[in-house]
Number of protein chains: 2
Amino acid sequence: MADIARLAGVSKATVSRALNRSPLVNEETRTRILELASSLKYTINIGAQNLRLKQNRTIGVVVPYDSTTRQHLSDPFFLSMLGSLADALTERGFDMLLSRVDAEQLDAAAMPFDTGRVIGLILIGQWRHHDQLNGLAARHVPIVVWGAQLPQQLYTTVGGDNVSGGMLATEHLIAAGRRRIAFFGDINLPEVAQRYSGYCNALARHGLPLDPQLRVSVSFLPEGGDQAVREIERRAVPYDAAFACSDLLAMTAINTLRALGKQVPGDVAVVGYDDIELSTYFHPPLTTIRQPIRAAGQALVGALLAIIDSKPAGSLQLPTELIVRATSA
Amino acid sequence: MADIARLAGVSKATVSRALNRSPLVNEETRTRILELASSLKYTINIGAQNLRLKQNRTIGVVVPYDSTTRQHLSDPFFLSMLGSLADALTERGFDMLLSRVDAEQLDAAAMPFDTGRVIGLILIGQWRHHDQLNGLAARHVPIVVWGAQLPQQLYTTVGGDNVSGGMLATEHLIAAGRRRIAFFGDINLPEVAQRYSGYCNALARHGLPLDPQLRVSVSFLPEGGDQAVREIERRAVPYDAAFACSDLLAMTAINTLRALGKQVPGDVAVVGYDDIELSTYFHPPLTTIRQPIRAAGQALVGALLAIIDSKPAGSLQLPTELIVRATSA
DNA sequence: CTGAAAGCGCTAACAG
DNA sequence: CTGTTAGCGCTTTCAG
């Protein structure tokens, strides 16, 4: 900037003003400076600017990962979420600092905030780390989490409406004439627990019994679908449908069902969750519960910026939607 | 820092030294300062430190996207790559600034560098933007690209060995007794072109004719597999195998083959590319060419840091590997 | 071993 | 309209 000032025969202050399009600077001087700057390919040093302005337009996006199961990068759902966040942040002129942290050491997630690198954090995935997240919020780290709303929650969440998602899926299967509906998912995870309660509600509403033997606890890893099917077969309980807590789970489950000689949806109807892009192109195309990814990115960013602005930002539940395709016909 | 200095009864300089573990500071003073700092949850402001040190430990990772086809976020391969990069960068103490840029305006990718936010760029995906990439390199933007090595290339690439990948796949199919092998992919993309040339080599080596009718040009979008199969059926050329340029393509192709009543691998053997995690759990498990993702992240980061250090960093081709599963049995 | 002082690149009073 | 000056939070000579 000093160079430009010298070459333009003005002071650094004027250059700064010109570059920031201050109305205080003469039209003519301004264009001269701007041209000089662009011919020298000069751009303001954002670090210095941030320091001076005590501002910062970078948001930290954290993907917690489970070091034992690597339960994080298998699912295309995350990638879509990342994309949606990138779009929402870009749109509002923010940069995105991406980090992965061990889910057991979630405090580490706050480092970019503590060191002033970012002004707030978006966490993709709540898992079972409610307490650690509360801890961060108690420290006044501006944070928004993609996940379920829980009692005594100090942090803000944005998530799909899991209860109604679970209901939609289950009622759809019931409407399709299914009576013995298996549930695949780990209810220790808050989101899955809510989907399960939606499932229970739907059964109750239609006077169907809740058989605990029909619930199989599996992780979100791709092998989960296979495991779930094999487990329920081992239990030898009759079932004519399955509600899987992710599309990936549903797809791998369907593959195993087929391998075991079952027809989908003939013998077993299947509904997934998320509506990842591949679901449409799967064979047969997968019936699923759509999570509104675009809206999710917008909502997460909106909520975080509100918090940073110290405006109250309540937790949010985004509507989910049943997408009927062929696996439940 | 001024606060800590005051509370510890020392100068800012001493605090700085203590925090940076300088040997110049008295053991006792140091621990006092360190304790004070941690009790106040103080952390050095990285922005200010960077400014003063004229350093920066942030790398920009850029995912170009095609605004018309959104040819970017459908494929789990990218997510794995992102994860691998995140790991490699974290390991070496670098932060990752993630951005998406319109592939038609790749110059924009350099912005975080021009403004001093990052010290170098990693681009995931070369697509057909060789010239723009050369332009960036000519401007001395430190940059490494995941993609194919091309003639007259000013930038550094790291990529899988596509020619040998194409050969491995094709020779495997030939060894399995297939003679009419379709190729699914857009050879306008350098990586795909190289895989195609591997495919041609393999055919030639075994004295098999190269039938241009067997090559179907489709994008990497998930619907590509479906389109490819329908196109080749429309052409009514006989084929007994297909080599698809991504696993996603292979999977959606298999679904469509099945929908058309063809057996896989009975009627048509299929080989994919990338070895994404889902491939193992697909039904039938997918034969594919593995790209060494972990090594890729390491290599990309390593090459970029070398360039930043103004050490010469030649382009690199990582070995690919044939993973035989059930779709080619 | 410690402190005073200068300065990284930028912006914003304040004074012309 | 423009320049002078101070200072964002940090590190590092240079003197004690």
Side-chain angles (χ1 to χ4, degrees), chain A residues 1-38 40-58 93 95 97 111-119 308, chain B residues 1-38 40-58 93 95 97 111-119 308:
Chain A
M1 182 177 272
D3 294 351
I4 308 248
R6 196 161 14 80
L7 290 169
V10 295
S11 72
K12 282 192 307 175
T14 306
V15 175
S16 169
R17 284 193 273 254
L19 260 26
N20 291 302
R21 275 135 188 84
S22 154
L24 290 171
V25 68
N26 185 328
E27 177 66 42
E28 184 188 341
T29 353
R30 189 228 308 267
T31 47
R32 184 156 43 92
I33 291 172
L34 255 35
E35 274 170 19
L36 205 51
S38 78
L40 293 182
K41 293 197 177 63
Y42 168 83
T43 350
I44 288 177
N45 178 314
I46 303 228
Q49 192 184 47
N50 284 345
L51 182 59
R52 173 65 230 229
L53 260 30
K54 292 162 154 291
Q55 66 156 27
N56 183 332
R57 295 188 72 81
T58 307
D95 286 330
L97 193 77
M111 181 128 63
F113 173 75
D114 291 331
T115 57
R117 309 235 24 188
V118 305
I119 54 171
I308 289 167
Chain B
M1 183 177 273
D3 294 353
I4 307 250
R6 197 164 10 82
L7 289 169
V10 295
S11 71
K12 283 191 306 175
T14 305
V15 175
S16 170
R17 282 193 273 253
L19 259 25
N20 291 301
R21 275 135 188 82
S22 154
L24 290 171
V25 65
N26 186 331
E27 177 66 43
E28 183 189 341
T29 354
R30 188 229 309 268
T31 47
R32 184 155 44 91
I33 293 172
L34 255 36
E35 274 169 18
L36 205 50
S38 79
L40 293 182
K41 294 196 176 61
Y42 169 84
T43 350
I44 289 176
N45 179 314
I46 302 228
Q49 190 183 48
N50 285 345
L51 183 58
R52 172 65 230 227
L53 260 30
K54 293 160 154 292
Q55 66 156 25
N56 182 331
R57 295 187 72 81
T58 307
D95 285 330
L97 193 76
M111 181 125 63
F113 173 76
D114 292 331
T115 58
R117 311 232 24 185
V118 305
I119 54 171
I308 289 168

A.B. asks: When you match Ala2(A) and Val25(B) each to their closest nucleotide on DNA chain C, which lands nearer the 5' end?
C.D. replies: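 Going by which nucleotide is closer to the 5' end, it is Val25(B).
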
A.B. asks: Rounding to 10 degrees, work out the angle separating the end axes of the helix from dC1(C)-dG16(D) to dG16(C)-dC1(D) (five pairs an end).
C.D. replies: 40°

A.B. asks: Kindly check if the number of other-residue, nucleotide or ligand heavy atoms within 6.0 Å of CD (Gln55(A)) is above 12?
C.D. replies: yes

A.B. asks: Nearest whole Å is fine: how far is dG7(C) P from Arg52(A) CZ?
C.D. replies: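 In whole Å, dG7(C) P lies 18 Å from Arg52(A) CZ.
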
A.B. asks: Using whole Å, what does the distance between atom P of nucleotide dC1(C) and atom CG of Asn20(B) come to?
C.D. replies: 17 Å

A.B. asks: Asn50(B) side chain N/O closer than 4.0 Å to the phosphate oxygens (OP1, OP2) of dC10(D)?
C.D. replies: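 No, Asn50(B) has no side-chain N/O under 4.0 Å of OP1/OP2 on dC10(D).
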
A.B. asks: Are OP1 or OP2 of dT11(D) and a side-chain N or O of Gln49(B) less than 4.0 angstrom apart?
C.D. replies: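 Yes.
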
A.B. asks: With a cut-off of less than 4.0 Å, is there a side-chain N or O of Tyr42(A) near OP1 or OP2 of dC10(C)?
C.D. replies: yes

A.B. asks: Considering just the side-chain nitrogens and oxygens of Lys54(B), establish if one lies under 4.0 Å of OP1 or OP2 belonging to dG9(C).
C.D. replies: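 Indeed, a polar side-chain atom of Lys54(B) lies that close.
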
A.B. asks: Taking OP1 and OP2 of dT2(D), is either one under 4.0 Å from a side-chain nitrogen or oxygen of Ser11(A)?
C.D. replies: no

A.B. asks: Of all the heavy-atom pairs spanning Leu34(A) and Ala18(A), show the shortest one and how long it is.
C.D. replies: CD1-O, 3.8 Å

A.B. asks: Roughly, in whole Å, what's the span from CG in Leu53(A) to P in dG9(C)?
C.D. replies: 17 Å

A.B. asks: Does Thr29(B) put a side-chain nitrogen or oxygen below 4.0 Å from OP1 or OP2 of dT2(C)?
C.D. replies: yes

A.B. asks: Mind calculating the distance between CD (Glu28(A)) and P (dC1(D)) to the nearest angstrom?
C.D. replies: 11 Å

A.B. asks: Take the protein atom CE of Met1(B) and the nucleotide atom P of dG3(C), then report the distance between them rounded to whole Å.
C.D. replies: 13 Å

